[in-house]
Amino acid sequence: MAAAGDSFDLVIIGGGPGGYNCAIRAGQLGLKTALVEMRATLGGTCLNVGCIPSKALLHATELYEQAGHGFSQFGIEARDLSVDLAKLMAHKDKTVEGLTRGVAGLMKKHKVTVFEGRGRIAGPGKVTVAGADGEQTLQTKHIVIATGSEVTPLPGVGIDEERIVSSTGALSFKQVPERLVLIGAGVIGLELGSVWRRLGSQVTVVEYLDRILPGMDGELAKTAQRLFARQGFDFRLSRKVTGVEKADGALKVSTEAAKGGEAETLDAGAVIVCIGRRPYTEGLGLETVGIETGERGFIPNEHFRTRAENVWVIGDATHGPMLAHKAEDDGVACAERIAGKAGHVNYLAVPSVVYTCPEIAAVGLTEEQLKEQGRAYKTGKFPFSANSRARANGDTDGFAKILADAETDEILGAHLIGKGVGEMVAALALAIEFRAASEDLARTSHPHPTMTEAIRQAAMGVEGWTMQM
Ligand code: FAD
Ligand code: NAD
């Protein structure tokens, strides 16, 4: 991955979805670009220890669960099912390997010079790279910080990545923990909790708030909680973990009510700490260019510009949803701005998906946000239980909900829970990007029989003319 370097238009620190997409776009726009990454492979958290390995495990374990519990309704008996965990992990590793190699290929194609080592800003226009062969200094007109994020630690809970793990360790357990305790009922907890529950773990989730999936539409989260509880998740809401002790065999997880008191100790074979992530800027030399981090460690920006001249920031290291496609969009728009163009990201149209079963997908504003903003809105809702394809497939859990401005009918939010909704939400992101009205969606032909018809019926519901219910 090493290459000779001298003077660049742009040096990007961090080779995740933010950094590598910024590099590709910069290359396309004719900027002389370098990418510095301290991991041995490109792709960042997302490809190496995030989106991709987790989805490989989620897909495979969902197939296993379907074969074990979902086939019999169709008269199909799958007997003597078993999982070869080593083979499952090998599939995950092979997927990651292929994709990270692909990113390295893309860097070559777009003439991006890649440096392997830890990047540090050493003053205006200067980045040092400490690699296996020592340290070198790169001169550059612009610097882009794309260093991503790391797990937020929890005092009293020492992560060893074996039994007390972050998401990274939870992607590689050597055996299925009999009892698994998750600290945090957010996206990582529900996704990785699903993986290990399907493989046989008894999963308990300790969540500080009185609800799961904070930030998502409350009605969606409530339905999700009911469905996951039915699958066997044991939710302990409004509780906090005060410490984890390592005993011989089991871990002892001390919990108490979030407001204090009411102590309870849980036994666990493994614990996943998933209480959120925070920007990773350790040893980055921000002080050499006068950048101070803001709330919770985020680097403030205005259209990706930091307060230091020609130093830019994108992805998880700055504000906005911590999502791979958001980092990618930031990267593209930032490269365009550096090249003198008007790169822009519409954060309202960035969708988010929880890849559980059923999936949960959303774009735009939630009902809670609309109420908080005092905006008048109308709601259309349609359950998958009334959708013909969902019934034929036996996938009737969940619903589609569309929120539209009461006066203009512009779609303000879309909230979906159901089988495969993660693939459907892109159409709604497009609708929001194009500032479509709910009537546009309601009058757009949708193929029959598909689950997408539930979305159209929900859009009809905004103006009170849902037809199939
Ligand atoms: P990162 O991907 O974190 O990349 C930053 C890179 O910078 C890293 O490779 C790091 O090694 C490198 N770096 C840091 N400091 C330095 C330095 N000083 N010098 C050199 N290199 C440095 N998002 C989704 O949209 N969909 C998902 O399904 C999804 N699943 C996830 C599952 C898990 C388990 C986790 C943890 C995250 C998931 N995410 C998902 C979030 C997603 O991974 C992040 O939002 C995304 O990776 C952020 O991209 P980034 O480029 O900002 O940072
Ligand atoms: P999260 O913010 O989604 O959830 C963290 C949860 O932990 C929240 O419910 C919070 O209330 C709770 N919590 C916080 N402190 C606690 C405490 N002391 N005790 C108990 N509960 C506590 O964070 P995450 O699940 O760690 O995920 C991190 C980031 O990674 C997210 O921002 C997410 O966007 C990203 N991610 C995305 C995907 C996806 O897009 N499918 C998948 C995985 C991760």
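Just so you know, ligand 1 is whichever comes first in the structure, and atom 1 is the first atom listed for that ligand. Numbers here are sequence positions counted from 1. Hydrogens, waters and symmetry mates play no part in the numbers below; they use all other heavy atoms, side chains included. Because the structure is predicted, anything quoted here is derived from the model rather than measured.
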### Query
Of Lys326, Met322, Glu150, which has the heavy atom at the shortest distance from atom 41 (C) of ligand 1?
Met322
### Query
Any idea which of Ile212, Leu323, Leu209, Leu213 brings a heavy atom closest to atom 40 (O) of ligand 2?
Leu323
### Query
Who's the nearest protein heavy-atom neighbour of atom 4 (O) of ligand 2, and how far?
Gly186 CA, 3.2 Å
### Task
Indicate yes or no: does Glu256 engage Lys240 in a salt bridge with an N to O separation below 4.0 Å.
yes
### Query
Does Met38, backbone or side chain, put an N or O under 3.5 Å from an N or O of ligand 1?
yes
### Query
Which of the listed options, Ile183, Val241, Ile275, holds the heavy atom that is closest to atom 22 (C) of ligand 2?
Ile275
### Summary
At under 4.0 Å between heavy atoms, what of Ala146 touches ligand 1? The answer is backbone
### Query
Can an N or O of Glu282 be found at a distance shorter than 3.5 Å from an N or O of ligand 1?
no
### Task
Flag Gly50 as yes when one of its N or O atoms lies below 3.5 Å from any N or O atom of ligand 1, and as no otherwise.
no
### Message
When you measure from the heavy atoms of Ala317 to every atom of ligand 1, does any distance fall below 4.0 Å?
### Response
no
### Summary
Among Val353, Asp210, Ile188, the residue with a heavy atom nearest to atom 41 (N) of ligand 2 is Val353
### Task
From atom 2 (O) of ligand 2, work out which of Gly50, Gly276, Gly422 has a heavy atom at the shortest distance.
Gly276
### Query
CD of Glu135: more than 12 outside heavy atoms within 6.0 angstrom?
yes
### Task
Return yes if a side-chain donor-acceptor contact under 3.5 Å exists between Ser172 and Lys92, otherwise no.
yes
### Message
Would Lys55 count as a polar contact of ligand 1, with the cut-off being nitrogen or oxygen pairs under 3.5 Å?
### Response
yes
### Message
For atom 18 (N) of ligand 2, what's the nearest protein heavy-atom neighbour? Residue, atom name and distance, please.
### Response
Leu154 CD1, 3.5 Å
### Query
Within less than 4.0 angstrom of ligand 2, does Pro214 place any heavy atom?
yes
### Query
Between Ile13 and ligand 1, does any nitrogen or oxygen pair lie at a separation below 3.5 Å?
no
### Query
Which residue owns the protein heavy atom closest to atom 18 (N) of ligand 1, what's the atom, and how far is it?
Gly119 O, 3.0 Å
### Task
For ligand 1, indicate whether the residue Thr45 contacts it via side chain, backbone, both or neither (heavy-atom separation under 4.0 Å).
both
### Message
Can you confirm, on distance only, whether ligand 1 has an N/O atom lying under 3.5 Å from any N/O atom belonging to Asp316?
### Response
yes
### N/O separation below 3.5 Å, Glu191 to ligand 2
yes
### Ser166: side-chain hydrogen bond (donor to acceptor under 3.5 Å, both in side chains) partners, not counting sequence neighbours
Glu161
### Message
Could you check whether any heavy atom of Val49 sits closer than 4.0 Å to an atom of ligand 1, since that is the contact criterion I want to use?
### Response
yes
### Message
For atom 20 (C) of ligand 2, what's the nearest protein heavy-atom neighbour? Residue, atom name and distance, please.
### Response
Tyr208 N, 3.3 Å
In residues 349-365, what donor-acceptor pairs under 3.5 Å come from side-chain atoms, sequence neighbours left out?
unit_1	atom_1	unit_2	atom_2	d
Thr356	OG1	Pro358	O	2.8
Glu359	OE1	Val421	N	3.4
Glu359	OE1	Gly422	N	2.8

### Message
Does ligand 2 come near enough to Met322 that some N or O of the ligand is less than 3.5 Å from an N or O of the residue?
### Response
yes
### Query
When you measure from atom 3 (O) of ligand 2 to each heavy atom in Leu192, Val206, Val187, Asp316, which option holds the nearest one?
Val187
### Query
For Gly18, is at least one N or O under 3.5 Å away from an N or O on ligand 1?
yes
### Message
Give me the nearest non-hydrogen protein atom to atom 6 (C) of ligand 1 as residue plus atom name, then the distance to 0.1 Å.
### Response
Glu37 OE1, 3.4 Å
### Task
State, with a plain yes or no, whether a side-chain heavy atom of Phe384 is found less than 4.5 Å away from one of Asp397.
no
### Task
Tell me which one of Glu359, Glu207, Arg278 gets a heavy atom nearest to atom 9 (O) of ligand 2.
Glu207
### Query
Taking atom 7 (O) of ligand 1 as the point of reference, which of Gly14, Ser54, Ala130, Ser149 owns the nearest heavy atom?
Gly14
### Task
Give the intermediate values and the outcome of side chain to side chain contact (heavy atoms under 4.5 Å, CB included) for residues Phe115 and Leu35.
CA-CA 6 Å; Phe115 292 90; Leu35 182 69; over 6 Å; no
### Query
Is there a nitrogen or oxygen of Arg239 sitting under 3.5 Å from a nitrogen or oxygen of ligand 2?
no
### Query
Is atom 31 (C) of ligand 2 less than 4.0 angstrom from some protein heavy atom?
no
